[in-house]
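All values below come from the heavy atoms of this structure, side chains included, with hydrogens, waters and symmetry mates left out.
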Amino acid sequence: MSATKNQPPVTKREEERTILAGKLPSSHPLASKLIRQSETSTNALLDPPRPIPDPYGWLRDSKRTDEAVLKHLKQENEYTEAVTSHLQPLRDKLYAEMIGSIQETDYTTPSMKGGKYWYYTRTMKGQSYTIYCRAPYVNEDDLSFVWDGSIAAPVLAGEEQFLDVNAVAKDQKYCSVSSVSLSHSQKFLAYTVDLTGDEIYGLRVVNLETGETACADESQEYSGNVVWGADENTVFVTTMDETQRPYRVYRRLLDGSKGDELLFQQDDPQFWTGVGRSSDDRYLFIETASSETSEVHYLDLTEEGAALTCVAAKRKKVLYDVDHWNGHWIVTSNVGGTQNMRLMVCAVGEDASQWRDVTIASEDGGDVTLFDGGPVRALDGVSPFEKYLVASGRCGGIPGVWVLDMAGGAETFRVRKSTQLTFEEDAYDVGVGTNYNYDSERLALYYDSQTTPLQSLEISMGAPNDADVRKVRKAKNVPGYVKAEYDCRRVTVTSRDGSTEIPVSFVYRRDVMDRHLETGETVPVHLDGYGSYGMCCEADFSATRLTLLNRGVVYALAHIRGGGEMGRQWYEEPNGGKYLCKENTFNDFVDVARWFVEEKKLTTPDQLSIEGRSAGGLLIGAAINQAPELFKCAILGVPFVDVVATMTDSSIPLTTNEWEEWGNPNEEKFLDYMLGYSPVNNVRKGAKYPSVLLTGGLHDPRVAYWEPAKLAAELRHAQGGGEMEPVCLKIDMTAGHFSASDRYKYLKELSFDYAFLLDRLGLSRTD
């Protein structure tokens, strides 16, 4: 297993090693412990089970303590460093450019909470983590301040730095703080912290007036979710089972007068559980959901002794979410089998049979349904305010925000007017920002595009599109960035099925594109994608991306099926990108790549690099297996590439919940289809693959480190170890799924990745 500078580690290959897909024989040592399918599945289990080759299965070590495995990972890291050591000057230059494109000492837009304080965060030059701050609220004129940009100067008068994550992270190799929340009086602070990257959190509560610690609990495996009750003494927390599935909700009294009270427990391994509060703070919500089915319970925090009550019992393949407005449940749901979510309403206490669509009066006196679940407009969620509802969703593949002016009260529910916010750019990202105050007349938003840095906007909900009252509260400063030097486009590419139009967003320097149009000279293109879980990849701004654009690279984002850019129909069967139509995701991505090369003639295979993270790493693995000749370089970050081996094993975190995304390979219905695209199982022997960089985190609970390690070994084995492009594996031994928590270390990691791809594209000069 040793490695030399020019040769990668020779990974031990155990040809007889297999995993079993299907029903385990009673003699199997794990037969009584492993769940092989969900209780509600009607699909046949494979019986007898089928052996699936797993020659590198020995790399799996759930405890991360096996000396042979750790030694192998160390050798992989040493090899990767050796074959890329010549890029250190380029890494240093890229890092310096990235640092130069951010304002290291900065702050976020202050938001007022309850007429008491302005809340915001700060970052300081040379410090790796965020500092949470607040300052006393006097009036709106507080925001008419002039800050000198220094570390020492407060942003607002009376600034109090109440949580310095740099202090929490002291002497730690990793630190992620989550669920930072204030009690109703704003006297107590609760938050959770993960110090390894494994996403197992401890709970901390601090008295902000005295500085005393009210709670510091590392004894439970918390999910990172903490919610305050109606008083200063009560918090609600969720704990996880042995597969890191959040499944229990407890009520904790901080004074210790009673033991933790178990409010809810979800035993179905496909369902995760979370806790939150209604927008008006009256109700606690406990949501338990799989990918396709959900159920919400509520607790009235204003009534002592109130019982936990179910809004609507779960029904297979019915998703719903609720919030509270003036005695009504505001419901978003696909009930009735609609393609997208409907906006519905009922009185608190009414059951699901009384849910009705939210309508608005039309000019002819009839009623028009605002969000009917059809394909034109996709609804993602609703934020209630005292006089308004704010809906977030998508239209035409672009994020959208609608302000609903409410005319009803506790006895009636009526929408007076619905207004979609409009913006000048064709493609952008917009969404609801931090809005603490239920009675607000103003709405905070965030906005950016591929050429517009992030802005904090404020609008009047009474006049949402009135340019005279719309304000840019803060625009992200990007030192050295000149917007006029860059441009972006959004196009559609016809997929191989001849009917599906795939949206593509790309950004570039104007001079690079002008030269291409004038001379026909091809340019390097870096193509990114994701395409899973119905998640959307937005056409947003990235300051670090400038290091690529300024070297003549065109950055492109393929909005492929499996994502939710065009609504849930872009994700769901029969024509989306999950279950037995998952290959649409990979085909769309390859089709977009071919379009850039063969139809657009913007680039060539020798100038085309690709990238994806997590499920996006699966995308890249499948793409290079399908068309290895099409790409020069591929970066797979924490990639989910050992699909079948992982999804057969319910002891691995996420597996049981993920059966409703990919399918369950223990079942006859799915095994062969999943085997047909799983990257580890489809590396083509003798094919010439592009240069590959695979990254992972030793403590990653979502995509274990052994998945990229296995694919690296398979790629080298299939190519015979002779003349081939480098296959490099880089495992961060102190991080999890989300890479480095230290913002400076994160930029160093990104500089490493970008140096690798620029070198493979022939753009590694540092002069």
Notebook entry, point to check: Is it true that K578 and E573 have a side-chain N and a carboxylate O under 4.0 angstrom from each other?
Noted result: no
Check your understanding: Can you check whether E458 reaches L443 side chain to side chain, under 4.5 Å on heavy atoms?
Key -> no
Y447 and E425 have their tightest heavy-atom pair at OH-OE1, 2.6 Å
- request: Answer yes or no: is there a side-chain heavy-atom contact under 4.5 Å between F413 and M406?
  value: yes
Discussion item. I'd like to check T332 versus V382 (side-chain heavy atoms, cut-off strictly below 4.5 Å). Are they in contact?
Written reply: yes
Taking every heavy atom of R470 against every heavy atom of P464, the minimum-distance pair comes out as NH2-O, 3.1 Å
Charged N to carboxylate O below 4.0 Å: is that the case for R702 and E199?
yes
**Asked** Between H297 and F285, does the ring centroid distance fall short of 6.0 Å?
**Response** no
Taken in chain and number order and not counting sequence neighbours, the residues that satisfy salt bridge (charged side-chain N to carboxylate O under 4.0 Å, His left out) with K582 are none
Quiz prompt | SB check E261 R251 (cutoff 4.0 Å) | solution = yes
*For the pair R342 and D372, find out whether any cationic side-chain nitrogen is under 4.0 Å from an anionic carboxylate oxygen.*
no
*asked:* Does any part of the side chain of V331, heavy atoms only, come nearer than 4.5 Å to the side chain of V345, both counted from C-beta?
replied: no
### Message
Is the distance from the ring center of F670 to that of Y579 below 6.0 Å?
### Response
yes
Discussion item. Would you say that V390 contacts W402 through its side chain, given a criterion of any heavy-atom pair below 4.5 Å between the two side chains?
Written reply: no
Passes salt bridge (Lys or Arg N to Asp or Glu O under 4.0 Å), R50 versus D672? Steps please. CA-CA 11 Å; R50 277 174 54 184; D672 287 333; 2.9 Å; yes
Aromatic centroids of W355 and Y320 separated by under 6.0 Å: yes
Separation between OG (S495) and CG (N584), nearest 0.5 Å, reads 7.5 Å
Output for pair (Y250 OH, L262 CG), nearest 0.5 Å, gives 5.0 Å
Could you check if a side-chain atom of I286 sits within less than 4.5 angstrom of a side-chain atom of T273, using non-hydrogen atoms only? yes
Heavy-atom nearest pair, G567 first then A378, reads CA-CB, 3.8 Å
So CG of N666 and CG of L671: to nearest 0.5 Å the spacing works out to 8.5 Å
- request: Compute the ring centroids of W662 and F640, then answer whether they are less than 6.0 Å apart.
  value: yes
When every non-hydrogen atom of G562 is compared with those of T585, the smallest separation belongs to CA-OG1, 3.9 Å
* State yes or no: are the ring centers of F586 and Y677 separated by less than 6.0 Å? => yes
Nearest heavy-atom contact between L675 and N682 is O-ND2, 2.7 Å
Separation between OG1 (T42) and CD (E667), nearest 0.5 Å, reads 8.0 Å
- Any cation-pi pair here, R377 with F371, using under 6.0 Å and within 45°? yes
* More than 12 foreign heavy atoms under 6.0 Å from NZ of K113: is that the case here? -> yes
Sequence neighbours excluded, the answer for salt bridge (charged side-chain N to carboxylate O under 4.0 Å, His left out) partners of R394 is E538
OG (S650) and CG (L34) are apart, to the nearest 0.5 Å, by 4.5 Å
*Would R561 and D497 pass as an ion pair if we require N to O under 4.0 Å?*
yes
Scanning both residues in full, the closest heavy-atom pair of P701 with Q244 reads CB-OE1, 3.5 Å
Review point. Is there side-chain contact between T359 and L370, with heavy atoms separated by less than 4.5 Å?
Key: no
### Message
For D351, is the CG atom crowded, meaning more than 12 foreign heavy atoms sit under 6.0 Å from it?
### Response
yes
Of R568, E572, Q569, the one forming a side-chain hydrogen bond (donor to acceptor under 3.5 Å, both in side chains) with N340 is Q569
Between Y298 and W329, what is the ring plane arrangement, given parallel below 30°, perpendicular above 60°, and tilted in between?
perpendicular
Taken to the nearest 0.5 Å, the spacing of T434 OG1 from L445 CG works out to 11.0 Å
Report task. Flag the pair Y247 / W272 as yes when their ring centroid distance falls below 6.0 Å, and as no otherwise. Result -> no
Less than 4.5 Å apart, any side-chain heavy atom of E441 and any of K387? yes
Between D405 and the options R416, R414, K417, the side-chain hydrogen bond (donor to acceptor under 3.5 Å, both in side chains) test singles out R416
